[in-house]
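A, B, ... follow the sequence lines: proteins, then strands. Residue 1 opens every chain.
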Amino acid sequence: MSMKKQHRLFLVQTLIAIGIFIIASTVVKNRFNKDPKAQSYLIFDEGVKIMAASTTALVDSLILKNDLTFDPTSGKLLDKVLNNLKYSQKSKFIIVGSSQMIAVQGQGIEGYADIVSRKLNAYVKESYQLYNLSLGGMTTPEKIIMAKKGDEIIKADRILISVTPWDCISDKIRPEVKAVENKKFQAIKESVELEKGVTKTESDEVFPLNVNSKITKSTEGLVKNSIDIYRNRSAIKRWLNNKTVNQPEGINDIVEAEEAFKSNMPDYWQTANQDLDNITAWDLVVAKEGTKSIKITNKNPQNAKWFGDDIILEKPTEMFQFEGWSRSQDASEDTKLYCLDFQVIFVDGTSQWYYKNLIFSKGTHDWEKVKTEVRFDKKVKAIKPHLLFYGGTGTVWFDGINAKPVYNGKVGENILPNSNFEVELKERQNVSYSYTDLEWKRIEKNMLSIVDFLSSQKNKDQNVLLLTPFWHTETKTAYPQKAQYDKLTETIKNYAVNKNVTFVDASHILSKSNFGIYTNGKRKDKIDVLHFNAAAHDKLAKYIIKKLKL
Amino acid sequence: MIFSTTLFLVFFTIVFVVYWFILGNIKDNNKRLKARIIFLLLASYYFYMSWNPIFILLILFSTIVDYIAGQKIHNSNSQSQKKLFLILSLVTNLGFLAYFKYVNFFLGTLNDISGSNFFVDVVLPVGISFYTFQSMCYTIDIYYGKMKPSKNFFEFSLYVTFFPQLVAGPIVRAKDFIPQLKVNQYFKDINFQLAANYFILGLVKKVLIADNIAKFSDPIFANPDLHGTLSTWVGVMAYSVQIYCDFSGYSDMAIGVAALLGFKLMENFNMPYNATNITAFWRKWHISLSSWLRDYLFIPLGGSRVSKKVFYYRNLIITMLLGGLWHGASWNFVVWGGLHGLALIVHKLYTTKYSSKYNFSKLSVSAYTVFSWLLTMIFVMVTWVFFRAQTFSDAAQLLKNMFNFKESVNYTIPIAFIALLAIVIIGHFFGTKYYKEVEEKQQHMFSNPYLQGALFGLGIFFVLLFGSDDNQAFIYFQF
């Protein structure tokens, strides 16, 4: 059979396409392999795959035992989980929250027996069957969708939704949750014996041989085994992403709500003893350099200041040049100190405060510069900057604060980080969460909507709003804006009571020992304020039992 | 079953092989034709049932009603009987659409007014807006004598459910499609180049561009009050690109898949973001829907041939309001349609009263074109805010962000966004250049076939490498 010219041409095009594909793949793969970090990207990727495989295996084994009461896949297999929840004749109790309610600090998925719902189940097994429909980083609409779906499937007697400010900030709905939102699920019923290893899934309902999933699985396996670039694409994509947009490295397996960390305060600097806090005192409009500055506002005389951490010099020196800008509005005449003040630590361990020639004028003035050069008696090992507005009232702004070491008469580079206050604090300080007024309002609105939802559901027992345990101790808190946090708690509590929803505040029940330290990833060595250990899950379960009189 | 999944690849490979190489071996022309129609019909049912099997009954019911109505309308001698069967067809189709798509919208509006709390637990069947419109235009065309009814039930059923365009268009007309079913297709006549061109282009638009650029629009629409002017504009631009690439990508893939089976579907998009006025935009955007609305709503309402201009504008605004509502059961879509309707009226008023009075120099014409394009694009983007925002208050907040300067704290325009936007701009440039050639010659988009082959390879490479790890549903499936 002779071939049409057009078809012959298409064959040639196909060959060219294959050639180009192979060349492009080889070039990218080689570049990737040459990167010294390539192996770490592949290991990360492999870790994710193994985790996915083990959670899938866990889901399958729990289904076979008719013991699936939670989703260990954080929504990746949500449809399958919802289709295969455990059947029970007991009263049913649904728990919905974020990763705190489902993750056990220091343990992988093998620690699932220690999660709060399983603990609760063990303690109240006569009266309730617990279902935990929590997913990592759940947002408010996601919690409502999951509680609604769960109720539809489980026919719950009681629903508990757990909240904390950080998971009430975003309204995003992940595709997996969106996909189940409009899907009709059957209520759980006594399970018929399933073919070993075969589970019900969305698309297999009419195709008894599981044909669609089998086709997908085997074809994707074939593609992955034959096309190298496809097999490693997650690792290569992450590598390319880091190369081109310079985003942080590492597996980002936590959902956005957990990752959407915004400090809204300047990097390095913090303030004390003034009317404003670190967020509101970061002025995003007034500036001498760039677009931002920091300010101090005092209605009453206080020893207000901004300060940074110690900066250790790589090479000690006796000479320094200090400079900075400030403007003021109604800085009172009785102000004691309105200046740049450097705490200087010498190599012998002694220290000295230095602010000579670094004092600003009082009253009202536009940007004013102070600058001085100083030679100390001893070599300086470290300095710590302070911007003071002591004992006065009014508002002062600071910008462009520089400290430059001088070596052999030559002025070096400024050693103060974020000296023009343009950079936002990106790294959590012991992992804490601070919000703007607008964000607090949004958090309150979302929490109230959850109360409204719980109130509108016609469950047999009174539904519950739980304030999730968090990193709160006498000295440290995950939410440093204590006034806003307390006000929020009070508002929600009153609203819940009025709406006939039980309010349980478990936010302070845990102690420091219940939280661990991240052992890997970009937050290595930081406190994991989000997730608590098995003992804490047990403590929470008992606390819920006590408060609800279960 | 989404076009960009491996499951569809396997499904289509089986369909392709059976259709051309097994059924193609049937010697008798008539039998071959019938066997192929029945086979494609079964394949289409399987394709649809992979979403939600129960709703196939809905399609089947619509098909039976419209098939019988079509016969009855044609065979009836009395005009009143013809009308009766047309009404039966319209009530059935619009009834399903009203119930499955709009019942909670109507009840929600009623609840808002009366303080009641009505709600119906109903799931929206995939693609219902598309196949009901397709089915309706069949009976309407027969009623107006524009075509004769199909004598073969399977033929008509395949027209309603033909899998490449079943769930998200293009909305095909019976008089364009059914005649294609009456002709035996031959493997030698397949235009592989054109089909591959459409399919790979669609794949790139959907998997590479739409799915990836969504990352820049989703956060803005999820939390509008947390964003400033710059980030909101980037988010809205990203959504403008996303919806175009998502929808036109699906249409392109549908055209490519249909071409591989020997069928020709109409173009659904023609570089809409090149439009320099809103009328031109609607001639280039979702062409199958806009022409459907023109032929089956705007013209029956009286169209432009009316005694008073005001009736023309009324017809225009009704068409656009209902067109908006077609997209989704929400007042946001009604506002979106209404704004476009108003813009069409304003443009009409402007062109009839002013534009012809001015004689521009060549330079002024260029400046005027750029200005018109910019104005059109800003309007289109602003109206997408209503289309995408979840609530009115979100839309209002986004518009406030866009037009009242608000700093986007620590925000820099993402490089990936710029890259994806650049691809779309370049694509529009080349697309405009080669669109006519493709339409006229039905050949290939690039005059150099070897360059085209290389682009195929690059396209597949980028799709495999940058494709989203999770298969996301097409936006237009929800309509």
Side-chain angles (χ1 to χ4, degrees), chain A residues 3-4 6-7 9-10 12-25 28 76 139 152 169-173 175-176 178-179 182-184 203 205-207 212 215-216 219-220 222-223 227 229-230 233-234 236-237 240-241 244-245 256 260 262 264 284-285 291 423-424 438-439 442, chain B residues 1 5-7 9-11 46 49-54 117 121-124 187-193 196 200 218-219 221-223 225-226 390 394 407 409-410 414-416 419 443-444 449-462 464-467 469-473 478:
Chain A
M3 208 184 239
K4 273 178 76 173
Q6 205 186 24
H7 287 192
L9 196 59
F10 182 68
V12 174
Q13 285 182 325
T14 309
L15 289 174
I16 293 171
I18 293 169
I20 291 290
F21 178 83
I22 292 170
I23 291 167
S25 303
V28 171
K76 297 281 179 226
T139 60
E152 178 187 314
I169 194 89
S170 165
D171 282 343
K172 197 173 175 183
I173 305 175
E176 294 88 350
K178 189 90 191 150
N182 295 319
K183 192 170 181 245
K184 189 102 181 133
S203 54
E205 286 161 6
V206 278
F207 307 118
N212 280 359
I215 289 172
T216 306
T219 316
E220 278 182 354
L222 195 74
V223 175
I227 306 177
I229 195 106
Y230 187 75
R233 70 174 175 158
S234 297
I236 296 174
K237 261 164 79 175
L240 273 170
N241 203 35
T244 51
V245 283
E256 190 177 325
K262 285 174 69 198
N264 295 310
L284 308 179
V285 181
T291 56
V423 182
E424 187 188 8
L438 205 63
E439 288 170 329
R442 188 176 192 90
Chain B
M1 202 188 298
T5 59
T6 44
L7 181 63
L9 188 74
V10 174
F11 164 80
Y46 181 91
M49 285 164 77
S50 68
W51 267 285
N52 200 332
I54 194 75
N117 196 20
D121 195 4
V122 63
V123 177
L124 180 69
F187 185 75
K188 64 181 173 59
D189 294 331
I190 305 178
N191 192 335
F192 279 106
Q193 287 163 317
I200 293 170
D218 287 349
F221 285 93
N223 295 312
D225 51 352
L226 300 183
Q390 289 174 14
D394 276 4
E407 195 189 5
V409 180
N410 290 337
I415 295 173
Q443 279 248 321
H444 41 74
Y450 306 111
L451 173 67
Q452 191 183 25
L455 287 172
F456 287 167
L458 271 183
I460 292 166
F461 169 74
F462 283 124
L464 279 182
L465 186 60
F466 290 107
D469 288 332
D470 301 306
N471 291 308
Q472 296 175 17
Q478 62 185 293

Distance in Å, I460(B) CD1 paired with I20(A) CD1, rounded so as to fall on 0.5 Å steps: 11.5 Å
Residue part contacting chain B, namely of V28(A), when any heavy atom lies under 4.5 Å: side chain
Go through the structure and list residues passing salt bridge (charged side-chain N to carboxylate O under 4.0 Å, His left out) with K178(A), not counting sequence neighbours. E181(A)
Side chain, backbone, both or neither of T14(A) within contact of chain B (heavy atoms, under 4.5 Å): neither
Nearest heavy-atom approach of A17(A) to F456(B) is CB-CB, 3.8 Å
So CD1 of I236(A) and CG of L464(B): to nearest 0.5 Å the spacing works out to 11.0 Å
Please report the closest heavy-atom contact between A196(B) and F10(A), naming both atoms and the distance. CB-CE1, 3.7 Å
Verify, without hydrogens or angle tests, whether H7(A) (side chain) and F192(B) (backbone) share a donor-acceptor contact under 3.5 angstrom. no
Take Y450(B) and V12(A) through the side-chain contact (heavy atoms from CB on, under 4.5 Å) test and state the conclusion after the steps. CA-CA 8 Å; Y450(B) 306 111; V12(A) 174; 3.7 Å; yes
Heavy-atom pair of closest approach, residues A24(A) and L458(B): CB-CD2, 4.4 Å
